[in-house]
Protein chains: 2
Amino acid sequence: MDKNLKRMATMQRMQVTGLHLFYSKGYYNTSVDDVLKELSLSKGAFYYHFDSKEDFFVQIIENLLVRKIYSMLIEPIEGHEHTLDLICSCFENALETAVHNEVDYGFALSNFINEFNGRNAKVMKHLNEILRVWEVNLVSAIQRGKFNGHIDRHVDAEGVAVFLMSSYMGVRTLMVEMTPSARKYRFMSQIRHYFKSLEVKKTTV
Amino acid sequence: MDKNLKRMATMQRMQVTGLHLFYSKGYYNTSVDDVLKELSLSKGAFYYHFDSKEDFFVQIIENLLVRKIYSMLIEPIEGHEHTLDLICSCFENALETAVHNEVDYGFALSNFINEFNGRNAKVMKHLNEILRVWEVNLVSAIQRGKFNGHIDRHVDAEGVAVFLMSSYMGVRTLMVEMTPSARKYRFMSQIRHYFKSLEVKKTTV
DNA sequence: TTGTTAACCGACCAGGCGGTCTATGAGGTA
DNA sequence: TACCTCATAGACCGCCTGGTCGGTTAACAA
């Protein structure tokens with residue numbers, strides 16, 4: 001048990017450092033030695049715990065990336081209050097975090113999708129699974145909104161979900177260079193404008 | 001002159017092949033030899049025409065990528081008709097091209113931005129310049145629409161431009177895997193819905 | 001005390017990388 | 001024929017990469 005704890009701690013340290021480096025420098029552009037140098041560990045330690053660099057990365061996805069995205073983009077919109085407000089403040093918070101990074105490298109998930117697409121089907125399967133979960137949760141949030149009477153019943157939930165995911169992923173790329181906070185502000189204004197057009201039309205007069 | 005023509009032709013061939021490989025496999029994941037193998041040329045030929053791999057890529061950006069994006073996303077919206085319709089069909093065409101690729105690797109510009117961000121400032125400068133031109137043209141297109149009376153005068157042109165660029169870049173990433181044509185359809189529906197909310201309000205009754 | 005084993009070390013390997021350099025031949029010029 | 005330049009060839013270099021492997025250490029069990 002105590003043994004197992006040490007094992008887990010070392011693996012965790014490697015994975016945290018690995019995610020940080022893969023995110024900021026890219027997977028193919030980061031060597032195993034880069035990760036080990038950061039931690040003053042050796043090749044032996046690495047290949048004792050992981051089968052390969054790819055296996056290492058898949059475990060990072062499952063243990064760290066999935067949770068990160070879940071807690072940042074999925075869990076916050078699971079409430080039962082006004083759905084669109086939830087999504088709005090969820091995006092607002094996620095973007096604000098990005099603005100506060102002294103250096104921002106974009107949305108980790110979409111960076112990795114770009115990097116692995118067409119080059120590594122196995123890793124892509126894991127990344128796509130995260131996208132799928134995100135999409136499903138967005139769709140059900142919007143349907144909840146329609147059910148609760150906040151969102152117009154003619155709205156296409158799947159369409160809105162795709163549109164929201166697209167725009168979020170895109171704005172994160174757009175924010176990496178030049179005036180991220182201004183772009184965040186403009187983006188959020190337009191999202192709110194778009195959301196207003198999804199609400200039930202108050203039958204005035 | 002004839003000599004110069006041959007020189008240009010060889011350089012062009014290298015650049016076309018280079019863009020294709022860099023786009024599909026990534027810059028860092030494509031070696032100079034990969035490009036040369038494709039053309040049955042040697043290292044000598046390559047370094048006779050280009051100073052370095054980086055110089056090669058910068059020339060590809062300036063000679064090929066800029067033009068490609070200009071002809072696909074900028075020039076089509078420069079007309080003076082109903083602006084939002086122009087943008088709509090421009091996006092429609094650009095996405096349709098992507099759907100028809102048997103294998104799609106996303107939006108080249110945003111892929112490269114992801115790959116070079118924080119790693120190569122010089123290349124990033126060139127990529128950002130393309131983004132800037134795109135943004136400027138979108139903004140002026142929208143302002144034209146406001147001037148022509150098609151777009152509500154309260155609309156924030158810069159905001160709409162950022163939002164459009166974001167969503168386009170994002171949906172291209174989202175389309176690389178799984179049901180691109182369905183996602184394209186849903187995306188375009190929402191774009192049209194969003195555009196409707198930007199039009200001048202017809203004062204009914 | 002002795003043996004076992006989990007955790008880690010680091011030298012080593014084959015292959016690939018960007019880039020250099022000398023050689024070579026084709027085509028024009030004198 | 002002799003010469004010169006442009007365009008290309010391909011061997012070579014030093015460096016880095018993912019991955020292997022025999023050795024070492026410390027904790028614990030007998």
Side-chain angles (χ1 to χ4, degrees), chain A residues 1-61 63 112 115-116 119-123, chain B residues 1-61 63 112 115-116 119-123:
Chain A
M1 189 96 305
D2 191 40
K3 278 298 187 63
N4 214 349
L5 258 177
K6 177 172 191 195
R7 179 186 173 81
M8 298 293 267
T10 306
M11 289 174 78
Q12 182 79 3
R13 281 204 310 144
M14 286 181 182
Q15 288 175 35
V16 169
T17 306
L19 177 57
H20 176 243
L21 288 177
F22 289 148
Y23 167 58
S24 56
K25 308 204 308 166
Y27 174 82
Y28 290 109
N29 220 17
T30 301
S31 69
V32 173
D33 279 322
D34 288 341
V35 179
L36 296 169
K37 209 182 300 165
E38 200 102 335
L39 298 167
S40 301
L41 285 171
S42 67
K43 275 273 176 67
F46 184 86
Y47 283 96
Y48 176 74
H49 291 294
F50 302 99
D51 292 342
S52 65
K53 190 186 177 187
E54 183 187 294
D55 166 58
F56 177 54
F57 187 66
V58 169
Q59 291 204 38
I60 288 178
I61 296 176
N63 293 331
F112 290 139
E115 197 168 359
F116 287 100
R119 285 144 227 161
N120 188 321
K122 190 174 164 188
V123 170
Chain B
M1 190 96 303
D2 191 39
K3 278 298 186 62
N4 214 349
L5 258 177
K6 179 176 188 191
R7 180 186 171 81
M8 299 293 268
T10 307
M11 288 176 79
Q12 182 80 1
R13 280 204 311 144
M14 286 181 182
Q15 289 177 32
V16 169
T17 307
L19 177 57
H20 176 243
L21 288 176
F22 290 147
Y23 167 58
S24 56
K25 308 202 310 164
Y27 174 83
Y28 290 109
N29 221 15
T30 302
S31 69
V32 173
D33 280 322
D34 289 340
V35 179
L36 296 169
K37 209 183 300 165
E38 200 101 336
L39 298 167
S40 301
L41 285 172
S42 67
K43 277 270 176 71
F46 183 85
Y47 283 95
Y48 175 75
H49 291 294
F50 303 100
D51 292 342
S52 64
K53 189 187 178 188
E54 184 187 293
D55 167 57
F56 178 53
F57 187 65
V58 169
Q59 292 206 38
I60 288 178
I61 296 176
N63 294 330
F112 290 138
E115 196 167 2
F116 287 99
R119 283 145 229 161
N120 189 320
K122 189 173 163 187
V123 170

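Note that this is a predicted model, so its numbers are computed, not measured. These numbers come from the heavy atoms of this one structure, side chains and all, not from hydrogens, waters or symmetry mates. Lettering follows sequence order; numbering is per chain, from 1.
Within residues 10-20 of chain A, the residues approached by DNA chain C to less than 4.0 Å at the level of any non-hydrogen atom are A/T10, in residue-number order.
Separation of the A/F116 and A/Y28 ring centroids falls under the 6.0 Å cut-off.
Look at NZ on B/K6: it is 11 Å from P on C/dA26, rounded to the nearest Å. Counting to the nearest Å, the P atom of C/dA11 and the CG atom of A/L36 are 14 Å from each other.
Interatomic distance, A/D51 CG to A/F56 CZ, rounded to the nearest 0.5 Å: 12.5 Å. Interatomic distance, NZ of A/K122 versus CG of A/D55, reported as 7.0 Å (0.5 Å rounding). Note: B/T10 OG1 to B/Q15 CD = 11.0 Å, rounded to the nearest 0.5 Å.
Summarising the local packing, NE2 of B/H20 is surrounded by 12 or fewer heavy atoms from other residues, nucleotides or ligands at distances under 6.0 Å.
The phosphate of C/dA7 has OP1 or OP2 within less than 4.0 Å of a side-chain N or O from A/R7. Between B/Y48 and D/dA7, a side-chain N or O to OP1/OP2 separation shorter than 4.0 Å is present. Residue B/H49 places no side-chain N or O under 4.0 Å from the OP1 or OP2 atom of D/dC6.
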Residues B/F112, B/V123; criterion side chain to side chain contact (heavy atoms under 4.5 Å, CB included); working and verdict: CA-CA 9 Å; B/F112 290 138; B/V123 170; over 6 Å; no
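Geometrically, B/K53 engages B/Y27 in a cation-pi contact, judged by NZ or CZ lying under 6.0 Å from the ring centre and within 45° of the ring axis.
For residues 19-30 of chain A, the pairs satisfying salt bridge (charged side-chain N to carboxylate O under 4.0 Å, His left out) are A/K25-A/D34, with sequence neighbours left out.
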Sugar-phosphate or base contact per nucleotide [nucleotides 15-22 of chain D; S, B, -; heavy atom under 4.0 Å]: --SBBB--
